[in-house]
There are 2 protein chains.
Amino acid sequence: MYICRVNLTYYCFKVKTVTKNVLKNSLKRIFLYRACLYRLKMMGVEKVFSYTLAEEAGVTPDQVRKDFSEFNIRGNKRGGYVLSDLLEKMEALFYRNKEHNIILMGMGNLGLALSKYSRFVQRNMNVVAAFDIDPYKQKARYDIPVYGMDRLKEIIHRFKVKVAIIAVPEISAQQVCDELVRNGIKGIINFAPVLLKVPEDVVINNINLCDELESVIYYVHNQIRNEGLKNIELLYGDMK
Amino acid sequence: MYICRVNLTYYCFKVKTVTKNVLKNSLKRIFLYRACLYRLKMMGVEKVFSYTLAEEAGVTPDQVRKDFSEFNIRGNKRGGYVLSDLLEKMEALFYRNKEHNIILMGMGNLGLALSKYSRFVQRNMNVVAAFDIDPYKQKARYDIPVYGMDRLKEIIHRFKVKVAIIAVPEISAQQVCDELVRNGIKGIINFAPVLLKVPEDVVINNINLCDELESVIYYVHNQIRNEGLKNIELLYGDMK
DNA sequence: TTTTAGATGTGAATATTATCACATAAATGG
DNA sequence: CCATTTATGTGATAATATTCACATCTAAAA
């Protein structure tokens with residue numbers, strides 16, 4: 001437990017050392033829990049227990065409590081968790097209270113769709129500008145301004161942008177990525193179907209739509225279910 | 001090792017029992033390896049070793065070999081792997097040789113973008129039709145035909161569709177999902193930010209764009225890097 | 001107010017996953 | 001053609017993640 005003072009106010013900190021993977025896995029489930037909690041909230045639920053949430057999320061109650069423990073999210077002994085409290089703590093985890101400015105690279109089909117995705121705004125994530133090399137797109141009217149790459153540096157600095165979305169064609173993705181990194185971007189969501197090379201201090205989250213679809217096809221074809229049996233038999237065929 | 005005969009040809013099968021999670025994790029990495037291999041192929045590489053691929057994918061050589069072993073993908077002792085062979089085997093894994101008909105639910109911003117996503121076609125995944133309740137969209141001209149829900153059953157049967165993409169608003173996602181399941185759909189990619197409830201034999205792959213973005217923001221803000229240090233310190237602040 | 005029941009939070013135990021290490025096989029060179 | 005080198009493939013081992021179990025605390029009941 002550490003105590004420090006900022007502007008006449010004392011803050012009390014707890015320091016916890018965890019391995020990065022523990023955090024990653026827990027974090028993924030925190031997203032899951034949050035989705036469940038919003039659903040339960042809609043249904044009028046005000047208080048949840050670890051087993052309520054576990055049931056909804058398809059995990060064990062222990063896992064829920066352990067995950068909460070990981071992020072220092074605490075409930076009431078015997079009293080479970082107050083749903084609104086839980087959600088508040090989770091939103092705080094994701095810096096929801098602060099505003100985040102994001103830029104969008106590429107105004108093709110996907111970029112256009114993302115630029116209109118209103119949910120980002122609902123969650124304090126503002127797509128402040130898009131960039132595209134097509135001069136026509138720079139002139140056309142969209143929900144957000146579209147610039148050429150020449151104004152990238154200026155916009156990133158003005159809006160203190162740290163995170164970018166890459167929705168450009170595969171062929172130019174790495175080049176765009178390098179340019180972003182050069183201008184101080186620290187986090188990237190990449191929709192281009194390539195693995196981008198970035199320095200160690202830049203976080204990349206790849207979303208490959210084809211891969212996602214193919215993995216579903218694989219599961220369907222091999223009849224691998226989400227629930228039920230734990231072990232499966234694989235057949236490897238070879239013509240003789 | 002099992003041997004069976006089909007149409008005068010003998011097939012030799014190897015049966016392997018694995019836990020579902022091992023398969024899931026390995027499969028995810030197989031996608032990763034495949035992406036790396038395509039990059040290496042573009043660079044003119046023809047032969048790879050487990051350590052070449054490991055380096056590219058950011059895993060250990062042992063992991064690569066173990067994963068290959070899981071899916072019975074075999075190389076040449078001392079000779080590494082012939083790149084084109086590897087890719088062929090991987091594509092076969094994903095039933096790339098067969099055609100897959102897919103339907104798209106919802107022709108909003110995201111649905112429209114997905115309907116134009118040409119890469120699906122390149123990988124033998126055909127979006128044969130879209131569905132939207134908006135009569136205007138049913139009349140308008142798109143790259144693929146857009147129908148009302150009344151024709152869902154007919155199309156699914158005609159094209160033997162097993163996999164669907166849900167890109168409808170959150171509010172109607174569960175309803176659409178139920179309708180799909182009722183008509184025999186066994187795999188779903190869901191872009192609506194809700195957790196869909198499905199029977200055990202239906203596979204769901206949720207892609208939540210906000211969550212993905214938020215997780216990047218979380219990593220950036222907490223300076224959690226992808227590489228480097230294995231342990232991190234978390235600070236949990238409370239005002240005193 | 002005291003007791004009781006019931007849920008949390010977390011160290012300990014178990015299960016799972018990744019790494020190690022080496023037997024094995026193939027290409028190369030003498 | 002044999003020795004040697006080198007990369008694969010996979011059991012054995014180490015590391016990691018999940019589940020168990022229980023001490024702890026609190027809300028409700030008596």
Side-chain angles (χ1 to χ4, degrees), chain A residues 1 14-30 32-33 45-83 85-86 89 229-232 234 236 238, chain B residues 1 14-30 32-33 37 45-83 85-86 89 227 229-232 234 236 238:
Chain A
M1 194 71 92
K14 193 175 166 189
V15 179
K16 189 170 187 175
T17 305
V18 296
T19 73
K20 206 158 50 181
N21 275 334
V22 166
L23 188 85
K24 263 191 189 168
N25 295 336
S26 288
L27 190 64
K28 249 187 233 156
R29 283 189 299 264
I30 293 281
L32 179 64
Y33 302 149
V45 176
E46 290 179 1
K47 203 171 164 189
V48 295
F49 302 107
S50 58
Y51 56 82
T52 327
L53 189 49
E55 170 99 4
E56 276 292 305
V59 300
T60 63
D62 313 278
Q63 183 83 79
V64 171
R65 297 204 302 279
K66 198 83 169 177
D67 286 333
F68 283 2
S69 169
E70 216 67 67
F71 287 97
N72 207 41
I73 294 173
R74 322 193 67 100
N76 314 308
K77 285 252 163 112
R78 203 195 164 180
Y81 307 83
V82 176
L83 202 151
D85 277 10
L86 263 188
K89 278 174 187 165
L229 279 165
K230 195 171 169 190
N231 292 300
I232 51 175
L234 288 179
Y236 305 116
D238 270 317
Chain B
M1 192 72 89
K14 193 174 166 188
V15 179
K16 189 169 186 175
T17 306
V18 296
T19 73
K20 205 159 48 182
N21 276 335
V22 166
L23 189 84
K24 263 189 190 170
N25 296 335
S26 289
L27 190 63
K28 251 187 229 155
R29 283 189 298 263
I30 293 281
L32 178 63
Y33 303 148
L37 289 171
V45 176
E46 288 178 3
K47 203 174 169 188
V48 295
F49 301 107
S50 57
Y51 56 83
T52 327
L53 189 49
E55 169 98 1
E56 277 292 304
V59 300
T60 62
D62 313 279
Q63 183 83 77
V64 171
R65 295 204 303 277
K66 198 83 168 177
D67 286 333
F68 283 2
S69 169
E70 217 67 68
F71 287 96
N72 206 42
I73 294 173
R74 322 193 67 103
N76 314 308
K77 284 254 165 107
R78 204 196 162 175
Y81 306 83
V82 175
L83 203 152
D85 276 12
L86 263 187
K89 278 174 187 165
E227 315 285 326
L229 279 166
K230 194 171 169 187
N231 292 298
I232 53 174
L234 288 178
Y236 304 116
D238 270 318

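Chain A is the first sequence line, chain B the second, and so forth, proteins listed ahead of strands; every chain is numbered from 1.
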Colleague: Taking CD from A/Glu70 and P from D/dA17, how many angstroms apart are they, rounded to a whole number?
Modeller: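 The distance from CD of A/Glu70 to P of D/dA17 comes to 9 Å, rounded to the nearest Å.
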Colleague: Nearest whole angstrom, please: distance from the C1' of C/dT17 to the CG of B/Leu27.
Modeller: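 Nearest whole value for this atom pair: 16 Å.
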Colleague: Using a heavy-atom cut-off of 4.0 Å across all strands, would you classify B/Gly79 as base, sugar-phosphate, or nothing?
Modeller: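 Since no nucleic acid heavy atom lies under 4.0 Å of B/Gly79, the category is nothing.
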Colleague: Checking all strands, does B/Val22 fall into the base, sugar-phosphate, or nothing category for heavy-atom contacts under 4.0 angstrom?
Modeller: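 It contacts sugar-phosphate atoms only.
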Colleague: Give one of base, sugar-phosphate or nothing for B/Tyr51, where a contact means two heavy atoms less than 4.0 Å apart.
Modeller: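 Counting heavy atoms under 4.0 Å across all strands, the contact made by B/Tyr51 is with sugar-phosphate only.
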Colleague: Rounded to whole angstroms, how far apart are CG on A/Asn76 and C1' on D/dT24?
Modeller: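 A/Asn76 atom CG is separated from D/dT24 atom C1' by 14 Å.
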Colleague: Any side-chain N or O of B/Ser69 under 4.0 Å from OP1/OP2 of D/dG9?
Modeller: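 Negative; the distance criterion is not met.
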Colleague: Say whether A/Arg74 and A/Asn72, considering side chains only, have a donor N or O and an acceptor N or O under 3.5 Å apart.
Modeller: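 A pair is found: one side chain offers a donor N or O, the other an acceptor, under 3.5 Å apart.
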Colleague: Does B/Arg74 make a side-chain N or O approach to OP1 or OP2 of D/dT10 shorter than 4.0 Å?
Modeller: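 Yes, because at least one side-chain N or O of B/Arg74 sits under 4.0 Å from OP1 or OP2 of D/dT10.
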Colleague: Report yes if some heavy atom in the side chain of A/Glu56 is under 4.5 Å from a heavy atom in the side chain of A/Thr52; otherwise report no.
Modeller: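 Heavy-atom side-chain distance check fails, nothing below 4.5 Å.
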Colleague: Measure NZ/A/Lys89 against P/C/dT8 and give the value in whole Å, please.
Modeller: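 A/Lys89 atom NZ is separated from C/dT8 atom P by 13 Å.
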Colleague: What nucleotide, of D/dT8, C/dA18, C/dT8, holds the atom closest to the side chain of B/Ser50?
Modeller: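 That would be D/dT8.
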Colleague: Rounding to a whole Å, what distance do you find between B/Phe71:CZ and D/dT8:C1'?
Modeller: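 In whole Å, D/dT8 C1' and B/Phe71 CZ are 19 Å from each other.
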Colleague: Using 0.5 Å steps for rounding, measure from the CG atom of B/Leu53 to the CG atom of B/Leu37.
Modeller: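 CG of B/Leu37 is found 5.0 Å from CG of B/Leu53.
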Colleague: I need the NZ-C1' distance between B/Lys66 and D/dG11, as an integer number of Å.
Modeller: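 Atom NZ in B/Lys66 sits about 7 Å away from atom C1' in D/dG11.
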Colleague: Below 4.5 Å, heavy atoms only, C-beta onward: do A/Tyr33 and A/Val48 meet side chain to side chain?
Modeller: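 When only atoms from C-beta onward are counted, A/Val48 and A/Tyr33 do not touch, as no gap falls below 4.5 Å.
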Colleague: Does C/dT17 have OP1 or OP2 under 4.0 Å away from a side-chain N or O of B/Asn21?
Modeller: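 So the side-chain polar atoms of B/Asn21 do come within 4.0 Å of the phosphate oxygens OP1 or OP2 of C/dT17, strictly under.
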Colleague: Within the 4.5 Å heavy-atom criterion, are A/Leu27 and A/Phe71 side-chain neighbours or not?
Modeller: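 In short, these two side chains touch, coming nearer than 4.5 Å.
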Colleague: Rounded to the nearest Å, what distance is computed from the CD atom of residue B/Gln63 to the P atom of nucleotide D/dA15?
Modeller: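 Those two atoms, CD and P, are 16 Å apart.
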Colleague: CG/A/Asn76 to CG/A/Asp85 distance, rounded to the nearest 0.5 angstrom?
Modeller: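 That separation rounds to 7.5 Å.
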Colleague: Would you say D/dT19 has OP1 or OP2 under 4.0 Å from some side-chain N or O of A/Thr60?
Modeller: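 Yes, because at least one side-chain N or O of A/Thr60 sits under 4.0 Å from OP1 or OP2 of D/dT19.
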Colleague: Base, sugar-phosphate alone, or nothing: which one does B/Asp62 contact when heavy atoms must sit under 4.0 Å apart?
Modeller: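 If one applies the 4.0 Å heavy-atom cut-off, B/Asp62 turns out to touch a base.
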Colleague: For nucleotides 22-25 of chain C, give me every protein contact, N/O to N/O, under 3.5 Å, one pair per line with atom names.
Modeller:
residue, atom, partner, partner atom, Å
C/dT24, O2, B/Lys77, NZ, 3.3

Colleague: Would you say B/Tyr81 reaches D/dG9's phosphate, i.e. side-chain N/O to OP1/OP2 under 4.0 Å?
Modeller: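 Checking D/dG9 against B/Tyr81, a side-chain N or O does come within under 4.0 Å of OP1 or OP2.
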Colleague: What is the distance, to the nearest angstrom, from the CG atom on B/Asn72 to the C1' atom on D/dG9?
Modeller: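 Value for this atom pair: 11 Å.
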Colleague: Choosing from C/dT8, D/dT18, C/dA21, which nucleotide comes nearest the side chain of A/Phe49?
Modeller: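 Of the options given, the side chain of A/Phe49 lies nearest C/dT8.
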Colleague: Nearest 0.5 Å, please: how far is CZ in A/Phe49 from CZ in A/Arg65?
Modeller: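 Going from the CZ atom of A/Arg65 to the CZ atom of A/Phe49 covers 12.5 Å.
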Colleague: Please tell me if the side chains of A/Leu32 and A/Lys28 come closer than 4.5 Å, counting only heavy atoms from C-beta onward.
Modeller: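 No, every pair of side-chain atoms sits at 4.5 Å or beyond.
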